[in-house]
Structure formats: C-alpha cells, structure tokens
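Below you'll find the structure, written out as structure tokens, and then a few comments.
Since the structure is predicted, the reported quantities are computational estimates derived from the model, not experimental observations. Excluded from the calculations below are hydrogen atoms, water molecules and symmetry mates; all remaining heavy atoms, backbone and side chain alike, are included. Counting begins at 1 with the first residue of the sequence.
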Amino acid sequence: METITMAILSNYEEFMKFIPTTFDSNQDVGLYSEWVDIAEETASLRLFGEDLYNHISNLPDTDNFRFLCKRYICHQALFEAIPNLDLILTNNGFAVVGGSNSKYIPASKDRVAVLRLQEDVWREKFKENIIRRLSINKELQELWNRNPTLHSITDHLFVGYSDFRTFVPSEDMKDPEIYRQAHARTFKFLPEYIFSYISSKYYAELLNKQYTSVPATPDYTVLHAVKCALGTLIRSNTPSESDINAAIRTMEASVNTMCLQLDLFPTYAGSDEYALKTAVQYENKKEHATYFGGI
C-alpha cells in the first residue's frame, strides 16, 4: 500500500475505497495519484491554509473530521480527473482509450458529463459540511483563521451549495457552476436591498457570526431574511418587478422586527440607517421660521 507523506489521505488506495463504483479490480492506482496530489494541494492552498491542513493530516485516521475531509479530497480529485481519464497521448496526438480490442465500450459524452456534474455537487456539499464544522470548533477555527485566503470564503452570504439551494427558488440552480455564477450576483444587490435596510456594518457582523459561531436566534432571523431576499433577486440574471417587491417586503418586515427589540441589535441601533429611519420628519408649519408659503 503506497503511503502519501503529510496529506489528508493516508494512501492512494483510499481514493478507490471512497469511490468504489468508479474503478474495476484491475485499476492502476498510480493513474490517479497525480489528481489526488493536486486535490490535496488545492485544499491546502484555498480551503484550509497550511496550518490547518497540517493539523488535519496529523489527526488519527479514525477522526470524524479528517474522514469528512478525505471524502472531500476524493471527490475533488475525481472531478478534476474526469475530463482526462479517457485520453492517452500517442506519437500522433491524443487518442481515446477503448476500441475494438477493449472489453469496455467508451461512455457517451453525456454520461460522462452527468458524472462530472454529480461529482461537482458532492465536492461542494462536502466542502460546505467542512466549513460548518470549522465554524463551531474553536481549536480548528483558530488554525483556519491563519489561512491568508480565508476572506474569499467567508465573504459569501451562502455557506455552500446546499445553503444556496435552500434560499434560491429556482430549478435551474442545480448545477453548482450556475450556483457559483449566481452567487456572484449577490454583491451587486447588497448596497440597495440589504445595506440600505440593516446597514453594511450589521451585515458584516452577520457574516462574521455565521463563520465563527452559531448565530443567536435574533441574528439568525435577520440572516434568514437576508438570504431569502437575495435568493429571490439572484434566481435569474435580471430580477422581475415581483421579485424586487418581494425582496423589499422581506427586508422591511425584518427591519420592523429589529426595531421592536432594538436592544438585541446594538450594531444596527448605532447605524446611520437606523438614525435615518427614526429621524423626525420636517413639517412645514406657519409658526416655523423656515415656513414655505403656498406649500
């Protein structure tokens, strides 16, 4: 059994164990070692950071969190490998593996595409589960905070694919690639439909709590409303008037609820948005020095 030095997977055979239906009994494990190595490096650089990655690699093989991370690595590796698995480089260029002398018939392009889509879904789901575990484990969280690319993960409103699917009412969002494109649209709606209601500071606080602890019930209620409002706005490239109105009603109701229990939302209470909402409106009366006649 071949061993991997300082990695989340203990050996390449684990790759085949986690995804058994992908391989036959004569499969060459070495064929996939490069993809596993790439998945490990990608996880270290983009998701975990070096310190957390090394910590996970030193956890016992039976540790539940390491087990979860292994599954993510395996599906990440297969996702990246799929486009290349049926190609071989010959003296005359690339050729497709399988032919008249092979006992296997090459899979159709559509079937391979379906498999890769499913692998994309699995890797996104395991990644989301990992992030949720990191957000509630103080020891792991401290190591995760040292990741220099952490902000690229924690500036997302939707924690991951499953969270996104919960709040975005569209059947067209089943493809994780479409989800990633749609999520990018959230940023253009934030100033007008979120910051103008709950303030940018409180929104930032909600994100921080989402990725560093379990949000308290009042905070989660607002976070839920924000996800619902933005989910409605980004379910298509251009939101309809009814979608916009629905998002506005959601945010107005959320702000009204906050105002009724203001002591639970000190960041919002100290914001310019709250001051503007509660400012005394000017009345044009004759006894005022600033009275405008005829108005």
Side-chain angles (χ1 to χ4, degrees), residues 7-9 38-57 59 63-80 119-168 173 175-191 194-195 200-215 219-220 222-224 226-231 234:
I8 292 175
L9 283 184
I38 290 173
E40 291 270 356
E41 183 176 6
T42 301
S44 174
L45 294 174
R46 297 181 184 177
L47 178 57
F48 300 119
E50 184 177 358
D51 290 344
L52 178 57
Y53 176 81
N54 291 338
H55 175 79
I56 298 170
S57 299
L59 290 173
D63 181 86
N64 288 334
F65 184 66
R66 183 174 179 181
F67 188 83
L68 173 61
C69 294
K70 286 183 179 187
R71 298 179 75 180
Y72 168 72
I73 293 293
C74 290
H75 287 282
Q76 172 71 27
L78 183 57
F79 174 79
E80 296 294 350
E119 285 305 311
D120 199 6
V121 171
W122 279 118
R123 69 173 185 147
E124 285 291 345
K125 286 185 175 180
F126 286 127
K127 179 181 178 181
E128 180 178 353
N129 289 340
I130 287 170
I131 291 173
R132 291 190 183 281
R133 288 282 297 277
L134 290 172
S135 68
I136 61 175
N137 186 303
K138 296 302 181 183
E139 179 186 7
L140 297 176
Q141 194 178 106
E142 182 179 344
L143 295 169
W144 195 37
N145 287 339
R146 301 174 192 174
N147 179 3
T149 64
L150 183 61
H151 68 280
S152 66
I153 298 173
T154 57
D155 68 352
H156 283 215
L157 173 63
F158 301 102
V159 177
Y161 176 76
S162 298
D163 190 31
F164 180 88
R165 290 281 295 146
T166 299
F167 291 98
V168 181
M173 299 298 179
D175 186 336
E177 182 56 37
I178 297 177
Y179 137 63
R180 287 185 284 269
Q181 294 171 7
H183 189 279
R185 294 199 291 271
T186 62
F187 296 100
K188 78 174 183 179
F189 292 114
L190 285 173
I194 305 302
F195 296 166
S200 59
K201 288 184 178 180
Y202 183 49
Y203 175 81
E205 182 179 305
L206 287 176
L207 285 194
N208 181 61
K209 288 181 176 179
Q210 178 173 231
Y211 288 100
T212 59
S213 61
V214 178
D219 288 320
Y220 181 78
V222 180
L223 182 62
H224 186 281
V226 171
K227 289 186 177 186
C228 285
L230 281 176
I234 66 175

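- Judged by distance alone, the side chain of E40 and the main-chain N or O of L9 form a donor-acceptor pair under 3.5 Å.
- Using the six-membered ring where Trp is involved, F187 and H183 have ring planes that are perpendicular, over 60° apart on the 30 and 60° scheme.
- To the nearest 0.5 Å, atom NE2 of residue H75 and atom CD1 of residue I73 are 11.5 Å apart.
- Residues Q76 and A39 approach most closely at CG-CB, 3.8 Å, considering heavy atoms.
- Minimum heavy-atom separation, F195 to S200: CD2-CA, 3.6 Å.
- Shortest non-hydrogen contact noted between R185 and I234 is NH2-O, 2.5 Å.
- Residue R66 holds its CZ atom at 9.5 Å from SG of C69, rounded to the nearest 0.5 Å.
- Open room surrounds CD on E142; 12 or fewer heavy atoms of other groups in view lie less than 6.0 Å from it.
- Counting only residues at least two apart or on different chains, the side-chain hydrogen bond (donor to acceptor under 3.5 Å, both in side chains) pairs with a member in residues 205-215 are E205-K209, E205-T267, K209-D219, Q210-K227.
- Interatomic distance, CZ of R133 versus CD of Q141, reported as 13.5 Å (0.5 Å rounding).
- The side-chain heavy atoms of D51 and H55, taken from C-beta on, include no pair separated by under 4.5 Å.
- Looking at L78 and W122, their side chains never come closer than 4.5 Å, going by heavy atoms from C-beta outward.
- Proximity of L47 to I131: side-chain heavy atoms (C-beta onward) are separated by under 4.5 Å at one or more points.
- Residues L52 and N147 are not in side-chain contact: their nearest non-hydrogen atoms beyond the backbone lie 4.5 Å or more apart.
- D63 contributes atom CG, which lies 9.5 Å from atom NZ of K70 (distance to the nearest 0.5 angstrom).
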- Could you check E128 against R132 for salt bridge (charged side-chain N to carboxylate O under 4.0 Å, His left out), going step by step and ending with a plain yes or no? CA-CA 6 Å; E128 180 178 353; R132 291 190 183 281; 3.1 Å; yes

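- Atoms OH and CG, on Y203 and L157 in that order, are 4.5 Å from each other to the nearest 0.5 Å.
- Less than 6.0 angstrom separates the ring centroid of F164 from the ring centroid of F158.
- Under a 3.5 Å cut-off, the side chain of T166 and the backbone N or O of S162 do form a donor-acceptor pair.
- Using a 4.5 Å cut-off on side-chain heavy atoms (C-beta onward), I8 and Y53 make contact.
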- Determine, stepwise, if the pair L68 / I130 fulfils side-chain contact (heavy atoms from CB on, under 4.5 Å). CA-CA 7 Å; L68 173 61; I130 287 170; 3.7 Å; yes

- Please report the C-alpha distance between N54 and F48 in whole Å, then the side-chain angles of each, then the deciding distance to 0.1 Å, and finally whether the side-chain contact (heavy atoms from CB on, under 4.5 Å) criterion is met. CA-CA 9 Å; N54 291 338; F48 300 119; over 6 Å; no

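- Counting heavy atoms from C-beta outward, R71 and K125 have side chains that stay 4.5 Å or more apart.
- Between R180 and E177 there is a salt bridge, since a side-chain N of the basic residue sits under 4.0 Å from a carboxylate O of the acidic one.
- Counting heavy atoms from C-beta outward, L230 and L190 have side chains that approach closer than 4.5 Å.
- Nearest heavy atoms, A7 versus S57: C-OG, 3.2 Å.
- The shortest distance between side-chain heavy atoms of N145 and L150 falls below 4.5 Å.
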